[in-house]
Amino acid sequence: MAPIDTSKKPIVWVLGGPGSGKGTQCEKIIAKYGFTHLSTGDLLRAEVKTGSDRAKCLTAIMERGELVPNDVVLDLLKEAIIARAEESKGFLIDGYPREKSQGIAFEKAIAPVTVIIYFEASTETLTKRLLGRAASSGRADDNEDTIKLRLKTFLENNDLVLAQYPDKIKRINAEDNVDSIFAQVQQILDPLVTA
């Protein structure tokens with residue numbers, strides 16, 4: 001039995017390279033639809049702050065620019081979804097799955113995905129945006145070498161994820177401005193939200 005009924009509470013995977021504007025769009029989606037936003041990055045960073053054994057292991061992996069083991073991420077996601085299943089109107093899963101096996105494992109362990117929104121932007125655009133963000137945020141993973149590695153890792157794995165769900169993917173041009181991107185998002189989500 002799945003922990004949530006996706007006919008009443010849709011599960012939306014939000015995919016896009018780092019710097020594609022996913023975070024901004026997720027904020028707009030939360031404001032309009034009241035969905036619960038679960039970013040694997042945020043869940044991992046929160047876990048790292050706990051200083052647990054799991055946290056120390058995660059820190060080392062993230063500093064090497066590698067992907068965190070799937071079972072760890074899935075555990076964090078499942079714990080978060082179950083904790084919020086009662087009051088949530090739907091779930092935005094941000095930045096997951098990062099590889100094909102994660103998508104399969106998610107649907108097996110939690111529930112089938114309702115729709116996948118993919119924010120598409122060129123590598124040049126993403127690099128430029130990330131370098132701009134690095135200047136203002138001081139995030140350790142936003143220097144040029146790490147950025148190039150992250151984009152390469154993302155794109156190689158993401159193509160395999162997308163190929164697995166041809167019927168559920170909605171592609172959005174993320175080169176556009178924030179409002180026109182959100183207009184595209186609303187066309188996808190409005191039909192899913194039952195009055």
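Below, each value reflects all heavy atoms present in this structure, side chains not excepted, and no hydrogens, waters or symmetry copies.
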Check step by step if side-chain contact (heavy atoms from CB on, under 4.5 Å) holds for R54 and D75.
-> CA-CA 12 Å; R54 182 159 76 170; D75 284 347; 4.1 Å; yes
Might you point out which heavy atoms bring [X] and [Y] nearest each other, and give the distance in Å?
{"X": "I188", "Y": "P191", "result": "O-CD, 3.3 Å"}
{"X": "S20", "Y": "A174", "result": "O-CB, 3.5 Å"}
{"X": "L130", "Y": "P18", "result": "CD1-O, 3.4 Å"}
{"X": "K22", "Y": "G17", "result": "NZ-O, 4.2 Å"}
{"X": "P97", "Y": "G103", "result": "CB-N, 3.4 Å"}

Same apolar cluster: [X] and [Y], side chain cutoff 4.5 Å:
{"X": "I110", "Y": "I104", "result": "no"}
{"X": "I116", "Y": "L155", "result": "yes"}
{"X": "I61", "Y": "L149", "result": "no"}

Tell me whether [X] contacts the main-chain N or O of [Y] through its side chain, where contact means a donor paired with an acceptor under 3.5 Å.
{"X": "E175", "Y": "S122", "answer": "yes"}
{"X": "K28", "Y": "D179", "answer": "no"}
{"X": "T50", "Y": "E47", "answer": "yes"}
{"X": "K9", "Y": "A85", "answer": "yes"}
{"X": "T36", "Y": "F91", "answer": "no"}
{"X": "R84", "Y": "A80", "answer": "yes"}

At what distance, to the nearest 0.5 angstrom, does [atom1] of [X] lie from [atom2] of [Y]?
{"X": "N173", "Y": "E120", "atom1": "CG", "atom2": "CD", "result": "8.0 Å"}
{"X": "K148", "Y": "L126", "atom1": "NZ", "atom2": "CG", "result": "13.0 Å"}
{"X": "F106", "Y": "I81", "atom1": "CZ", "atom2": "CD1", "result": "4.0 Å"}
{"X": "T146", "Y": "E63", "atom1": "OG1", "atom2": "CD", "result": "10.5 Å"}
{"X": "L151", "Y": "E124", "atom1": "CG", "atom2": "CD", "result": "10.0 Å"}
{"X": "L131", "Y": "R129", "atom1": "CG", "atom2": "CZ", "result": "12.5 Å"}

Got [X] and [Y] here, is their nearest side-chain heavy-atom distance under 4.5 Å?
{"X": "N157", "Y": "Q102", "value": "no"}
{"X": "P10", "Y": "L189", "value": "no"}
{"X": "Q184", "Y": "D176", "value": "yes"}
{"X": "L162", "Y": "R171", "value": "yes"}
{"X": "N158", "Y": "Y118", "value": "yes"}
{"X": "F35", "Y": "V193", "value": "yes"}
{"X": "E79", "Y": "L76", "value": "yes"}
{"X": "I117", "Y": "Q25", "value": "no"}

Could you check whether atom [atom1] of [X] has more than 12 heavy atoms from other residues, nucleotides or ligands sitting under 6.0 Å from it?
{"X": "K100", "atom1": "NZ", "value": "no"}
{"X": "D53", "atom1": "CG", "value": "no"}
{"X": "E87", "atom1": "CD", "value": "yes"}
{"X": "K128", "atom1": "NZ", "value": "no"}

Ion pair present between D42 and R45, side-chain N to carboxylate O less than 4.0 angstrom?
->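 Yes, this pair counts.
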Please assess M62 against V68 for the test side-chain contact (heavy atoms from CB on, under 4.5 Å), listing each intermediate value before the final yes or no.
-> CA-CA 7 Å; M62 286 155 88; V68 172; 4.1 Å; yes
Any chance you could lay out the salt bridge (charged side-chain N to carboxylate O under 4.0 Å, His left out) test for E156 and K152, step after step, and finish with the verdict?
-> CA-CA 6 Å; E156 286 170 358; K152 185 172 176 291; 3.0 Å; yes
Passing candidate, side-chain contact (heavy atoms from CB on, under 4.5 Å) with T40, options D94, L74, V73 |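 Only match with T40 under side-chain contact (heavy atoms from CB on, under 4.5 Å): V73.
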Give me the one residue out of V12, V113, L77 that meets side-chain contact (heavy atoms from CB on, under 4.5 Å) with I93.
->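 Only match with I93 under side-chain contact (heavy atoms from CB on, under 4.5 Å): L77.
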For Y33 and L92, what are the C-alpha separation, side-chain angles and deciding distance, and is it a side-chain contact (heavy atoms from CB on, under 4.5 Å)?
-> CA-CA 10 Å; Y33 299 99; L92 284 184; over 6 Å; no
Going by the ring pair (Phe, Tyr, Trp, His ring centres under 6.0 Å) test, which pairs reach into residues 151-192, not counting sequence neighbours?
->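 Sorted result for residues 151-192: W13-Y165.
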